[in-house]
Amino acid sequence: MRRSKAFVSVVLSAVMALGLAGCGSSAYSTDSSSSGTTSTTAATSEATASGAATTSAEASTEDLKVMLETPVESLDPQQATDGTSFEVIADYTDGLMQMDKDGKPVNALADSYETSEDGLTWTFKLKDAKWSNGDPVTANDFVFGWQRAVDPDVASEYAYMLSDIGQVKNAAAIINGEKDKSELGVTAVDDKTLKVELEAPVSYFLSLMYFPTFYPINEKFFESCADTFGTSPETTLSNGAFVLDKYEPSATEFHLTKNADYYDADRVKLAGLDYQVIQDSQTALMSYQNGELDTTLVNGDQVDQVKDDPEFKAVGAGYLWYVSPNMAKVPELANQNIRLAMTFAIDREAIATDILKDGSNPTYTAVPPEFATGPDGSDFSADQEKFSDVCASDATKAADYWKKGLEELGETSMSLEMVVDADDAPQKVATVLQEQLQNTLPGLTITIKVEPKKQRVQDMQDGNFQLGLTRWGPDYADPMTYLGMWVTGNSNNYGEWSDSDYDSIIAECVTGDLATDAEKRWEKLYDAEKIVMDQAVIFPLYTQCNAELIKSNVTGIEFHPVALNRVYKDTVKAAS
């Protein structure tokens with residue numbers, strides 16, 4: 001299948017091949033001490049993160065003007081769930097680690113760390129960093145933030161990042177209401193020392209530390225905000241590269257300015273960030289051409305207009321787009337033959353090539369390609385034909401499964417509603433899906449319900465949908481970032497599918513014997529993916545590649561397919 005060269009190079013740059021996951025402690029120079037620990041300091045990693053090319057660059061007196069497709073949904077790091085919110089939160093907040101230009105975890109607020117020989121205890125020493133109100137960043141800020149993440153009263157959608165993924169001690173029991181949040185395995189030994197205890201070794205643990213759910217919160221400041229935290233510049237606090245100085249919920253334009261008190265302020269060359277939410281692609285392109293934006297997305301026919309422009313770039317975004325069928329509440333979609341008929345009726349190549357035109361790649365696996373590398377160095381999903389017996393574009397098979405499914409249901413026709421985001425590209429994709437499904441499956445009627453993304457996500461979480469066009473971006477470079485979603489009861493398991501064999505495999509890979517056996521774990525993850533595909537739990541569509549226009553005087557925007565899609569700490573905007 002056709003691959004965008006830009007997509008491949010950007011994605012592969014974020015993947016490391018050591019251990020169970022793409023991101024691990026291989027990013028660091030390590031040495032074993034006599035106490036049986038492994039440690040590293042910040043010196044080498046900070047030099048890598050800063051980049052020699054930016055150290056001599058003059059600071060810009062202008063803001064970088066950035067287009068967003070969707071508004072920020074939440075600026076609460078323990079409540080946010082979408083890529084836009086994560087990007088903005090990371091603009092003004094640092095965690096223990098950050099991503100370097102290649103996607104490797106390097107020290108941020110952590111000055112150094114060490115891990116026990118059994119991999120169950122991590123100890124982080126913190127830098128002398130400050131919040132924007134002058135308070136020092138302390139270990140207790142992390143304790144408070146992490147306890148909020150697992151607090152059932154907070155009901156964080158990403159709580160499982162600490163339990164199922166991060167394996168932080170007692171996280172699962174706290175989330176289930178069996179223990180108090182004070183028993184979470186994270187302790188402030190002193191103001192500058194944070195100890196984290198795990199229930200099982202996690203090879204990609206460091207790469208989780210740059211994910212916003214693990215960010216710190218100043219407890220005193222949070223309490224002073226009551227229920228308004230994260231809703232205005234006055235109710236946000238920065239310890240990062242920028243400070244939020246203009247914002248209100250659902251704003252179509254907001255602003256951040258450089259944080260002069262940032263511990264690494266010399267690295268930051270931009271004066272600020274001016275975000276503009278523009279959901280109409282034609283309006284966005286015109287704004288870019290008029291000089292009102294420094295970077296914007298283009299899609300569909302626009303790509304044909306600008307693809308020869310030297311300012312055009314195809315950038316891997318990492319998101320897997322798919323259709324989620326509501327198997328729990330829609331009897332017709334509980335029928336496996338109906339689901340298989342629908343996934344065979346989809347022409348993914350046409351969607352990517354004729355509609356998106358942005359380098360996005362048709363995808364036939366539950367885990368997308370080119371982001372997770374196994375212990376042998378191979379891409380987990382390089383073989384996009386391994387599930388061709390259950391996922392392909394095949395009108396004949398689609399018709400056969402459709403006929404069987406209708407007979408089993410005692411029906412001759414079916415009407416289904418598909419919910420889709422109000423953004424331009426998803427609406428175009430939904431229209432094509434509607435046409436493909438109706439033309440291939442006689443008696444099927446698909447209606448499209450367009451909603452703001454926040455409402456669409458809420459409806460899918462509540463089970464208030466039949467078919468949902470949605471996406472998932474990898475939070476860390478391991479197949480579990482996708483496969484973990486379909487465990488029974490996971491909040492992102494929108495179709496409420498459940499399979500005991502699948503749950504057992506995932507549990508074995510997370511906390512069982514396979515957690516420390518890289519090769520056997522990888523094999524079992526393949527088995528788990530096969531169950532998802534055989535039962536058509538989702539209908540994978542494509543792996544997103546963003547077609548971007550970036551002004552020629554702008555350099556150093558870091559693009560990542562994992563966790564934080566764009567980082568501006570090393571961005572330079574030269575005088576035009």
Atom CD of Glu508 and atom CG of Leu525: how far apart are they, to the nearest 0.5 Å? 10.5 Å

Between Phe144 and Pro216, is any pair of side-chain heavy atoms under 4.5 Å apart? no

Going by atom types only, do Tyr275 and Asp91 share a side-chain donor-acceptor pair under 3.5 Å? yes

How about Lys453: does its NZ atom have over 12 heavy atoms from other parts shown lying under 6.0 Å from it? yes

Under 30°, 30 to 60°, or over 60°: which ring-plane class applies to Tyr247 and Phe254, parallel, tilted or perpendicular? perpendicular

Nearest 0.5 Å, what's the CE-CD distance between Met161 and Gln78? 12.0 Å

Do the non-hydrogen side-chain atoms of Asp261 and Asn239 ever get within less than 4.5 Å of each other? no

Does Asp264 form a salt bridge (charged side-chain N to carboxylate O under 4.0 Å, His left out) with Lys127? I'd like the steps, not just the answer. CA-CA 11 Å; Asp264 204 7; Lys127 286 185 173 73; over 6 Å; no

Hits for ring-ring contact (aromatic ring centres under 6.0 Å, His included) against Trp486, two or more places apart or cross-chain, chain-then-number order -> none

Start with the C-alpha gap between Glu73 and Lys454, add the side-chain angles, then the distance that decides, and say whether salt bridge (charged side-chain N to carboxylate O under 4.0 Å, His left out) holds. CA-CA 7 Å; Glu73 293 185 12; Lys454 187 172 185 178; over 6 Å; no

Which pair of heavy atoms, one from Leu208 and one from Phe214, lies closest together, and at what distance? O-CD1, 3.2 Å

Indicate yes or no: at least one non-hydrogen side-chain atom of Tyr526 is less than 4.5 angstrom from one of Pro479. no

Kindly compute the distance separating CE (Met485) from OG (Ser491), expressed to the nearest 0.5 Å. 10.0 Å

Are a donor atom and an acceptor atom from the side chains of Asp141 and Trp131 found within less than 3.5 Å of each other? yes

With a 3.5 Å cut-off and no angle check, do the side chains of Ser378 and Asp376 form a donor-acceptor pair? yes

Can you tell me how far the CD atom of Gln544 sits from the CZ atom of Arg471, to the nearest 0.5 Å? 5.5 Å

Ignoring hydrogens and angles, state whether a donor on the side chain of Thr84 or Thr70 is under 3.5 Å from an acceptor on the partner side chain. yes

Beyond-backbone contact of Tyr568 with Val66, side-chain heavy atoms, under 4.5 angstrom: yes

Angle between ring planes, Phe221 versus Phe229, binned at 30° and 60°: parallel, tilted or perpendicular? perpendicular

Inspect the surroundings of NZ in Lys130 and state if more than 12 heavy atoms from other residues, nucleotides or ligands are less than 6.0 Å away. no

Do you know which of Glu197, Lys179, Lys181 makes side-chain contact (heavy atoms from CB on, under 4.5 Å) with Asn170? Lys179

Going by heavy atoms in the side chains, are Phe124 and Leu109 under 4.5 Å from each other? no

For Thr363 and Gln384, test the side chains for any donor-to-acceptor distance below 3.5 angstrom and give the result as yes or no. no

Tell me the closest heavy-atom pair linking Ala80 and Ile89, and the distance in Å. CB-CD1, 3.7 Å

Salt bridge (charged side-chain N to carboxylate O under 4.0 Å, His left out) partners of Glu199, counting only residues at least two apart: none

Proximity of Tyr158 and Tyr160 rings by center, below 6.0 Å: yes

Return yes if some donor-acceptor pair links the side-chain N/O of Gln79 with the main-chain N/O of Leu75 below 3.5 Å, else return no. no

What distance do Ile550 atom CD1 and Lys313 atom NZ have between them, rounded to the nearest 0.5 Å? 5.0 Å

Just verifying a value: how many Å separate Tyr113 OH and Met97 CE, rounded to the nearest 0.5 Å? 5.5 Å

So, is the end of the Lys386 side chain (NZ or CZ) under 6.0 Å from the ring centre of Phe380 and within 45° of the ring's axis? yes

Could you label the plane-to-plane angle of the Trp146 and Phe142 rings as parallel, tilted or perpendicular, counting under 30° as parallel and over 60° as perpendicular? perpendicular

Test side-chain hydrogen bond (donor to acceptor under 3.5 Å, both in side chains) applied to Asp76 - qualifying residues, sequence neighbours left out: Arg148

Of the non-hydrogen atoms in Pro540 and Tyr322, which two are nearest, and what is the gap between them? CA-CB, 3.8 Å

Heavy-atom closest pair, residues Thr257 and Ala271: OG1-O, 3.3 Å

Check: Asn565/Tyr319 side-chain N/O donor and acceptor closer than 3.5 Å: yes

Using the side chain to side chain donor-acceptor pair (under 3.5 Å) rule, take Asn140 and Thr138 through it: C-alpha gap first, then chi angles, then the decisive distance, then the call. CA-CA 5 Å; Asn140 187 68; Thr138 68; 5.1 Å; no

Would you call Lys573 and Asp294 a salt bridge, taking side-chain N to carboxylate O under 4.0 Å as the test? yes

Does some side-chain heavy atom of Tyr482 sit less than 4.5 Å from a side-chain heavy atom of Pro368? yes

